[in-house]
Enquirer: 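Let me give you the structure first, and then I'll get to my questions.
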Amino acid sequence: MADSEAALDAVTSPDVLRAVIELAPTAMLMSDRHGRIVLVNAETEKLFGYARDELIGASVDRLVPERLRSLHPAHRTGFFVDPTSRPMGAGRDLYALRRDGSEFPVEIGLNPIRTEEDVFVLASIVDISERKRMEARFRATIESAPVAMVMIDRRGHIVLVNAELEKLFGYARNEMLGSPVEVLVPNRSRHAHPNLREGFFAAPEARRMGAGRELMALRKDGSEFPVEIGLNPVVTDEGLFVLGGVVDITERKRLEESQRRLNEELQSRLGELAHSNSALERSNVELQQFAYVASHDLQTPLRGIAGFAQFLERDYRGRLDDTADHYIDRIVASVKRMQTLIGDVLDYSRVDSRARPFEPTDLNEICRDALAILDSSLADSGGEVIVEELPIVRGDRAQLTQLFQNLIGNAIKYHGKAPPKVEVTSEANDGGWVISVRDNGIGIAPKHHERVFEIFRRLHPQDAYPGTGIGLAVCRRIVHRHGGTIWVESEAGAGSVFSFTLPDKARQD
């Protein structure tokens, strides 16, 4: 103890030195070249749990964990061979030992103190337990991240990777740590990478790497794959690092390419469809013109046949035999049926050829007009039509009148033994209305529900229920032109409900 105090007295301005060390906010101790402690401050007492008089004169090895003490004298001797200010144990993890036997990580700065008699070393000791805990959390966070992550220093050397990066690139962790990050960059791009890295360190900010460029990475097996990389600067006591998150976008690229090909194919198909639609429109126009012209031109000779048939009936009925009278009756009936058929064909072709612009139309008025046309048929059948309040829609007034006339007319025509009873109702639907015409007639078997809307489709003999089988086909064509659909719900012998949809007037406006 006497030798230690003598050595301390030899230090220049001892009072000043003591005051500086005592007031330092960091644990500080001074030892001689033999490792004997000659001075400590209050922070050292707090940090290690020793009283001051327990440390003065003791070996500094007391503060070194037992597993490391055998190496400490050699390190101390090395310092005194070249006594310069520097951190202790650069590149090594340092640990200290408290009085209670607990170890903790430390950073130690060494500074030589030269006196006339000898050289001493002043050590500043910082407990970095919290920093180590934060580093451990940081490493755990990186390790558990579902994205491949790599950290590099300013030189571009890899200092940290996680398991996902190992999986992605095919390298073991120890193969990457310490290696230049360019090992993960394709050969053709490596020459440019250092300048790009320097550019990031010159202006470090969180951003995507290579914005606007397609980035490729290189696996250990030499295969390349497209990636997206997010860069984040990480500032530490050791300097600036950059943390990169690497995402393999091979699947996304495959989907994008697939989508591109599908779009190209779709555009091609749309072009073909447009061409087909154009051809179909021309065909429809030509078909409508043909139907109109054919029907119109057929009426001229048919009127002649009808006239002569009437002359035969008027002038020669009863003057020939019964067979001749029967033939005359059949000619007259066939002519009348042909005239009706031609008229219905004209009606069917006029759905598009004589279409009028849509306008707000009150379906209550439409229904009244249709009933006025059907007044005699309704009176003859002794039937009843009940019409609930109907909406206002946008449509072709003449065609909607024909639609109601056909549906209500069928309900009157196809009644059973009881007089027909018809109900016309409406119900608001998603984006429009459902209009229904319900009757108590003979009904329709489910297998015929689609067929009844086909042109010239009849389910009953002509002598049982007259007609051409065009009425419901006209109804479907009118409903389709108005943007709706039409269907029937029915069972044989149980009446029918014909329903159709029409868009809402407000939506059309």
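Counting begins at 1 with the first residue of the sequence.
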Enquirer: For the residue pair Phe500 and His482, is the inter-centroid distance of their aromatic rings smaller than 6.0 Å?
Expert: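 No.
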Enquirer: Between Arg254 and Glu257, is the closest basic N to carboxylate O distance under 4.0 Å?
Expert: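 Between Arg254 and Glu257 there is no salt bridge, as every charged N stays at least 4.0 Å from the carboxylate O atoms.
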Enquirer: Are Arg33 and Phe79 in a cation-pi contact, defined as NZ or CZ under 6.0 Å from the six-membered ring centre and within 45° of the axis?
Expert: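 No; the conditions do not both hold, so Arg33 does not lie above the ring face of Phe79.
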Enquirer: Say whether, by atom type as modelled, one donor and one acceptor occur between the side chain of Ser499 and the main chain of Ser436 under 3.5 angstrom.
Expert: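 Not at all, since once roles are kept as given, no pair shorter than 3.5 Å links the two residues.
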Enquirer: Show your working on side-chain contact (heavy atoms from CB on, under 4.5 Å) between Ile21 and Leu39 and close with a plain yes or no.
Expert: CA-CA 9 Å; Ile21 293 174; Leu39 179 66; 2.9 Å; yes
Enquirer: Mind checking the CZ-CG spacing from Phe80 to Asp118? Nearest 0.5 Å is all I need.
Expert: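 These two atoms lie 7.0 Å from each other.
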Enquirer: Counting only heavy atoms not in Met134, do more than 12 sit closer than 6.0 Å to its CE atom?
Expert: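 Atom CE in Met134 is not crowded, with 12 or fewer foreign heavy atoms closer than 6.0 Å.
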Enquirer: Mind checking the CZ-OG1 spacing from Phe241 to Thr236? Nearest 0.5 Å is all I need.
Expert: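 Between atom CZ of Phe241 and atom OG1 of Thr236 there are 4.5 Å.
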Enquirer: Looking at Glu143, I'd like to know if its CD atom is crowded, meaning that more than 12 non-hydrogen atoms belonging to other residues, nucleotides or ligands lie closer than 6.0 Å.
Expert: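 Above 12, so yes.
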Enquirer: I'd like to know if the side chain of Asn429 and the backbone of Gly432 have a donor-acceptor N/O pair within less than 3.5 Å.
Expert: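 No: the side chain of Asn429 does not pair with the backbone of Gly432.
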Enquirer: With rounding to the nearest 0.5 Å, note down the distance linking CG in Asn162 to NZ in Lys167.
Expert: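 It is 9.0 Å, given to the nearest 0.5 Å.
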Enquirer: What do you reckon, is CZ of Arg139 surrounded by more than 12 foreign heavy atoms closer than 6.0 Å?
Expert: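 No.
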Enquirer: For the CD1 atom of Ile392 and the CD atom of Glu359, what is their distance to the nearest 0.5 Å?
Expert: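 Rounded to the nearest 0.5 Å, the CD1-CD separation comes to 12.0 Å.
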Enquirer: Mark yes or no for whether Glu164, through its side chain, and Ala145, through its backbone, hold a donor-acceptor pair below 3.5 Å.
Expert: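 Pair absent, no side-chain N/O of Glu164 close to backbone of Ala145.
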Enquirer: Any carboxylate oxygen within less than 4.0 angstrom of a Lys/Arg side-chain nitrogen, looking at Arg219 and Glu224?
Expert: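 Salt bridge between Arg219 and Glu224, a charged N being under 4.0 Å from a carboxylate O: no.
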Enquirer: Does Val64 offer a backbone N or O that forms a donor-acceptor pair with the side chain of Arg69 under 3.5 Å?
Expert: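 Indeed, once roles are kept as given, a pair shorter than 3.5 Å links the two residues.
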Enquirer: When you compare the side chain of Arg92 with that of His75, does any pair of heavy atoms fall below 4.5 Å?
Expert: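 The answer is yes; the side chains approach within 4.5 Å.
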Enquirer: Under 3.5 Å, is there a donor-acceptor pair between the Arg86 and Thr84 side chains?
Expert: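 Thr84 and Arg86 do have a side-chain donor-acceptor pair below 3.5 Å.
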Enquirer: Any side-chain heavy-atom pair from Leu240 and Pro204 closer than 4.5 angstrom?
Expert: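 Yes, close enough: below the 4.5 Å cut-off.
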Enquirer: Counting neighbours of CD on Glu130 that are heavy atoms of other residues, nucleotides or ligands and sit closer than 6.0 Å, is the number greater than 12?
Expert: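 More than 12 within 6.0 Å, yes.
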Enquirer: Which atoms form the tightest heavy-atom contact between Met30 and Ile113, and what is the distance?
Expert: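 Taking every non-hydrogen atom into account, CE-CG1, 3.9 Å.
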Enquirer: May I ask you to check whether Arg155 and His157 show a side-chain donor-acceptor distance below 3.5 Å?
Expert: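 His157 and Arg155 do have a side-chain donor-acceptor pair below 3.5 Å.
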Enquirer: Under the criterion side chain to side chain contact (heavy atoms under 4.5 Å, CB included), which of Ser189, Ser223, Pro186 is the partner of Leu218?
Expert: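 Single pass found, and it is Pro186.
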Enquirer: Kindly indicate whether a cation-pi arrangement holds for Arg98 with Phe104, taking the cut-offs as under 6.0 Å to the six-membered ring centre and within 45° of the axis.
Expert: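 The answer is yes; both the distance and angle limits are met.
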Enquirer: Could you tell me whether Glu182 and Arg197 make a salt bridge, using a distance below 4.0 angstrom between a side-chain N and a carboxylate O?
Expert: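 A salt bridge is present here (some side-chain N lies under 4.0 Å from a carboxylate O).
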Enquirer: Any sub-3.5 Å donor-acceptor pair from Ser31's side-chain atoms to Leu122's backbone N or O?
Expert: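 Not a single qualifying donor-acceptor pair exists.
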Enquirer: Check each of Ile125, Val20, Asn41 against Met28 using the side chain to side chain contact (heavy atoms under 4.5 Å, CB included) test, and report the only one that passes.
Expert: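 The side chain to side chain contact (heavy atoms under 4.5 Å, CB included) with Met28 is passed solely by Asn41 among Ile125, Val20, Asn41.
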Enquirer: Could you walk me through whether Glu265 and Arg269 pass the salt bridge (Lys or Arg N to Asp or Glu O under 4.0 Å) test, one step at a time?
Expert: CA-CA 6 Å; Glu265 184 177 351; Arg269 294 289 178 86; 3.2 Å; yes
Enquirer: Please check if the number of heavy atoms outside Glu427 that lie under 6.0 Å from its CD is greater than 12.
Expert: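 No, the 6.0 Å shell around CD holds no more than 12 heavy atoms from other groups.
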Enquirer: Would you call Glu264-Arg260 a salt bridge at under 4.0 Å N-O?
Expert: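 Yes, Glu264 and Arg260 are salt-bridged.
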Enquirer: Donor-acceptor pair, distance only, cut-off 3.5 Å: does the side chain of Thr77 make one with the backbone of Pro73?
Expert: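 Answer holds: yes.
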Enquirer: Charged N to carboxylate O below 4.0 Å: is that the case for Glu228 and Arg208?
Expert: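 Looking at Arg208 together with Glu228, the answer is yes, because their closest N to O distance falls below 4.0 Å.
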Enquirer: Over all heavy atoms of both residues, which pair between Leu97 and Pro65 is shortest? Give the atoms and the distance, please.
Expert: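 Residues Leu97 and Pro65, closest heavy atoms: CB-N, 3.9 Å.
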Enquirer: Give a yes-or-no answer on whether the side chains of Gln402 and Asn406 include a donor-acceptor pair shorter than 3.5 Å.
Expert: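 No, because no side-chain N or O of Gln402 sits under 3.5 Å from a partner of the opposite role on Asn406.
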Enquirer: Go through the steps to decide whether Asn263 and Gln259 satisfy the test side chain to side chain donor-acceptor pair (under 3.5 Å), and finish with yes or no.
Expert: CA-CA 6 Å; Asn263 286 339; Gln259 184 67 41; 3.2 Å; yes
Enquirer: side-chain contact (heavy atoms from CB on, under 4.5 Å) for Met151 and Val234? Distances and angles first, verdict last.
Expert: CA-CA 9 Å; Met151 182 181 283; Val234 178; 4.0 Å; yes
Enquirer: Between Glu54 and Arg99, is there a salt bridge with N-O shorter than 4.0 Å?
Expert: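 Judged by the 4.0 Å cut-off on N to carboxylate O distance, Arg99 and Glu54 do form a salt bridge.
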Enquirer: Given Val159 and Leu177, is the side-chain contact (heavy atoms from CB on, under 4.5 Å) satisfied, shown in steps?
Expert: CA-CA 5 Å; Val159 298; Leu177 294 178; 5.7 Å; no
Enquirer: Does Thr44 use its side chain to pair, donor to acceptor, with the backbone of Ala27 at less than 3.5 Å?
Expert: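 Looks like no, no N/O pair under 3.5 Å.
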Enquirer: Looking at Arg52, I'd like to know if its CZ atom is crowded, meaning that more than 12 non-hydrogen atoms belonging to other residues, nucleotides or ligands lie closer than 6.0 Å.
Expert: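 Yes, CZ of Arg52 has more than 12 neighbouring heavy atoms, counting only those of other groups under 6.0 Å.
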Enquirer: How close do Val227 and Val246 get, heavy atom to heavy atom, and via which atoms?
Expert: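 Of all heavy-atom pairs spanning Val227 and Val246, the closest is CG1-CG1, 3.9 Å.
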